[in-house]
Amino acid sequence: MSFWKPGTERPQGRVVDDEEGGVLFLSGSHSSSSSSYGYASIEKQRQRLPVYKYRTAILYLVETHATTIVVGETGSGKTTQIPQYLKEAGWAAGGRLIACTQPRRLAVQTVASRVAEEMGVKLGDEVGYTIRFEDVTKPDVTVLKFLTDGVLLREMMDDPLLTKYSVIMVDEAHERSISTDILLGLLKKIQRRRPELRLIISSATIEAKSMSDFFRMRKKRREPENEEHGLEVEPAILSVEGRGFNVQINYAEEPVPDYVQAAVSTVLLIHEREPTGDVLLFLTGQDDIDAAVQLLSDEVQTNGKQSSGLIVLPLYSGLSRAEQELVFSPTPRGKRKVVISTNIAETSLTLEGVVYVVDSGFSKQRFYNPISDIENLVVAPISKASARQRAGRAGRVRPGKCYRLYTEEYFLKHMSNEGIPEIQRSNMVSCVIQLKALGIDNILGFDWPASPSPEAMIRALEILYSLGVLDDDAKLTSPTGFQVAEIPLDPMVSKMIIASSELGCSQEIITIAAVLSVQSIWISGRGMQKESDEAKLRFAAAEGDHVTFLNIYKGFHQSGKSSQWCHKNYINYHAMRKVLEVRDQLKRIAQRIGLVLKSCDGDMQAVRKAVCAGFFANACHLEAYSHNGMYKTLRGSQEVYIHPSSVLFRVNPKWVIYNSLVSTDRQYMRNVITIDPSWLLEAAPHFYQLLKPDSLH
DNA sequence: GAGCACTGC
């Protein structure tokens with residue numbers, strides 16, 4: 001094991017043990033084995049959670065502070081217990097509600113049902129939840145409401161001050177998702193108008209200090225509003241220890257030249273030298289993972305003796321439901337499971353039984369370039385916070401070990417403390433329209449927990465202006481702007497839907513919008529390319545991918561929404577169910593905002609014009625001299641190609657519009673449709689007026 | 001002839 005030096009034993013050997021270790025939030029004492037078996041009443045179990053001994057403190061802080069920040073590691077029980085404490089203390093009296101937000105739907109559902117169970121009530125009565133497509137609450141009965149932060153943002157459109165809530169707990173704030181950040185910015189504004197509202201920001205990392213700075217109330221001269229309420233303006237910070245076990249950290253002695261290879265060797269070393277316990281290996285994406293699975297499987301084949309007993313399983317979101325579920329099956333006696341995963345296992349999924357974590361130090365991250373208006377997925381180094389989170393995955397059942405495929409020096413000196421918040425890595429178009437719809441006029445002056453770049457904001461304003469969603473004063477136009485804001489999709493898609501109402505093809509366009517909003521309706525898999533491609537040809541339309549989607553939807557509908565039909569045609573049944581759900585929601589919204597639901601009965605010109613009305617900015621022209629299918633974007637003369645998965649691949653029509661770009665070695669257009677260039681001037685005269693008329697021929 | 005980290009309304 002010369003490649004590795006033994007882990008540097010830190011004080012208490014905790015996961016959160018680095019140079020900032022002693023700061024303020026780490027309570028040293030924690031029970032290392034509080035899990036016990038056998039019967040215990042729910043009440044006893046609740047009292048055994050680390051958060052229980054802070055119950056009085058938390059309630060006191062919430063009573064006396066506008067904002068309370070709770071730093072708690074996984075297993076502290078904060079998410080399930082704090083809402084119950086608040087209810088027990090009377091915060092839900094008088095028809096008020098307590099809200100607890102989560103970034104993900106699954107978490108909302110599981111936490112809500114757990115809390116309902118602990119309280120001995122039926123889910124949907126006193127304890128309920130709301131996620132997109134599912135509202136499991138009862139008016140005047142539900143007092144504890146769990147919801148995604150996105151849903152709470154939507155609720156603000158009807159009730160900007162969130163008047164029915166007495167306390168709002170924003171959980172997992174350290175993940176810094178876009179909707180969490182918007183929510184935090186808006187909640188800060190609400191606090192000024194509603195000093196009686198209490199906020200609890202719950203986070204797993206030590207970033208609490210910057211969060212505290214953000215929520216510090218400025219004292220206004222002459223009107224010490226909050227002092228009248230007897231509230232502290234300074235947020236309170238409380239730290240609750242977790243219930244994880246010690247994780248011993250090991251670093252690479254030297255930087256590794258190839259992390260996939262190093263990861264595979266490390267897994268084999270663990271298998272050879274360490275006692276039983278499953279291994280979780282973090283890589284960046286499907287390519288890495290498939291390569292590692294292959295290398296390990298080869299090893300098992302050729303070197304059977306040492307590596308027998310290894311069960312190697314890949315895990316990423318693109319896998320089918322059944323393939324994903326394999327990783328949760330219990331490891332047979334005498335075997336060792338190795339799960340090779342993307343970041344999905346860092347936050348979204350929890351694997352029990354993991355004792356060893358191998359961390360490559362990388363993940364795929366989205367970056368947005370506001371100059372080219374292109375979002376890219378890039379393999380980038382993770383932050384210290386992520387590294388700790390990954391390591392913690394080894395300490396859920398018993399003390400574990402984490403092998404970092406980078407040096408300690410690299411960790412200490414070169415890794416950033418926190419990742420870049422998503423809002424600084426994304427296109428801001430949806431964000432801007434949401435704020436506008438909530439009446440925030442001065443978008444550029446909005447007080448964010450982390451500010452997006454001015455370039456990204458300006459680019460978003462430009463795009464929204466060209467869509468006719470914002471006017472010269474950057475106010476929402478009526479009705480288009482307000483309608484776009486009501487539709488929970490990218491504004492370009494929303495604009496397409498609105499245009500389809502006038503063009504008489506809204507039934508078709510709503511179907512297309514629903515298909516575009518799911519990841520992929522095709523079954524992916526390396527072994528079945530050929531069959532899958534042949535199936536695609538059965539639906540292929542000369543106009544392009546959007547019309548092909550219509551053909552598929554029609555076939556699915558005519559089959560009676562049959563899963564066998566999907567299977568036969570290499571179409572993902574679950575994705576199609578999702579399409580139906582989204583389509584239903586869009587239909588309801590369209591009716592509510594006064595759009596005409598109408599079918600164009602096969603007039604695909606209307607459909608193409610509607611696509612044009614939303615996506616005119618993505619128009620491309622085939623280069624005349626090009627023999628390899630090179631297109632240039634009209635707007636920026638960017639070099640782009642039709643993606644091989646498109647039905648128009650190798651067809652290469654002269655004029656196309658794409659739905660999105662995928663950047664690898666080239667820029668590929670995904671989901672492409674043919675257009676007539678004269679429609680561009682019709683759809684967006686202001687946008688294309690500078691182009692010479694002859695350039696459109 | 002290529003490939004989609006992960007969420008969410």
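Note on naming: letters A, B, ... go to the chains in the order of the sequence lines (proteins, then strands), and numbering restarts at 1 for each one.
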Checklist entry - Rounding to a whole Å, what distance do you find between A:Arg666:CZ and B:dC4:C1'? => result 19 Å
Next on the checklist: Between C1' on B:dG8 and CZ on A:Arg176, what's the gap in Å once rounded to a whole number?
Outcome noted: 17 Å
Checklist entry - Can a cation-pi geometry be assigned to A:Arg666 and A:Tyr641, taking NZ or CZ under 6.0 Å from the six-membered ring centre and within 45° of the ring axis? => result yes
Checklist entry - Separation of A:Phe367 atom CZ from B:dA5 atom P, in whole Å? => result 15 Å
Checklist entry - In whole angstroms, how far is the P atom of B:dC4 from the CG atom of A:Asn659? => result 15 Å
Checklist entry - Which of the following nucleotides, B:dC9, B:dC6, B:dG3, is nearest to the side chain of A:Ser348? => result B:dC6
Next on the checklist: Give me the atom names and distance for the closest heavy-atom approach of A:Phe649 to A:Ile642.
Outcome noted: CD1-O, 3.5 Å
Next on the checklist: Using whole Å, what does the distance between atom P of nucleotide B:dG3 and atom CD of A:Gln667 come to?
Outcome noted: 12 Å
Next on the checklist: From the set B:dA5, B:dC9, B:dG1, return the single nucleotide nearest to any side-chain atom of A:Lys364.
Outcome noted: B:dA5
Checklist entry - Given B:dC6, B:dA2, B:dC4, which nucleotide is nearest the side-chain atoms of A:Ile344? => result B:dC6
Next on the checklist: Rounded to whole Å, how long is the line connecting atom CD of A:Gln109 with atom C1' of B:dG8?
Outcome noted: 13 Å
Checklist entry - Is a donor-acceptor pair below 3.5 Å formed from side chain A:Asp533 to base B:dG1, judging by atom type as modelled? => result yes
Checklist entry - Separation of A:Glu175 atom CD from B:dC6 atom C1', in whole Å? => result 9 Å
Checklist entry - OP1 or OP2 of B:dG8 sitting under 4.0 Å from any side-chain N/O of A:Arg154? => result no
Item to check | Nearest to side-chain heavy atoms of A:His643, which nucleotide of B:dA2, B:dA5, B:dG1 | outcome: B:dA2
Checklist entry - Quick one: is the NZ or CZ of A:Arg670 closer than 6.0 Å to the six-membered ring centre of A:Tyr658, and within 45° of its axis? => result no
Item to check | Spacing between A:Gln365 atom CD and B:dA5 atom P, to the nearest angstrom | outcome: 13 Å
Checklist entry - Base, sugar-phosphate, or nothing for A:Leu153, non-hydrogen atoms under 4.0 angstrom? => result nothing
Next on the checklist: By nearest atom, which of the nucleotides B:dA5, B:dC9, B:dA2 is closest to the A:Arg366 side chain?
Outcome noted: B:dA5
Next on the checklist: Can you see if the side chain of A:Ser177 gets near the phosphate of B:dC6 - specifically, an N or O under 4.0 Å from OP1 or OP2?
Outcome noted: no
Next on the checklist: Is there a side-chain contact between A:Ser317 and the phosphate of B:dA5, meaning an N or O under 4.0 Å from OP1 or OP2?
Outcome noted: no
Checklist entry - Under 4.0 angstrom, heavy atoms only, what part of the nucleic acid is A:Val662 near: base, sugar-phosphate, or nothing? => result sugar-phosphate
Next on the checklist: Please classify the nucleic acid contact of A:Thr342 as base, sugar-phosphate, or nothing, using heavy-atom distances under 4.0 Å.
Outcome noted: sugar-phosphate
Checklist entry - Base, sugar-phosphate alone, or nothing: which one does A:Arg132 contact when heavy atoms must sit under 4.0 Å apart? => result base
Checklist entry - When rounded to the nearest 0.5 angstrom, what distance separates CD1 in A:Ile182 from CD1 in A:Ile423? => result 5.5 Å
Next on the checklist: For the SG atom of A:Cys100 and the CD1 atom of A:Ile168, what is their distance to the nearest 0.5 Å?
Outcome noted: 11.0 Å
Checklist entry - On the ring face of A:Tyr570, is A:Lys536 found with NZ or CZ under 6.0 Å from the centre and within 45° of the axis? => result no
Item to check | First encountered from the 5' end of DNA chain B, between A:Tyr668 and A:Tyr316 | outcome: A:Tyr668
Item to check | Minimum-distance nucleotide (side-chain atoms of A:Leu377 versus B:dC6, B:dC4, B:dG1) | outcome: B:dC4
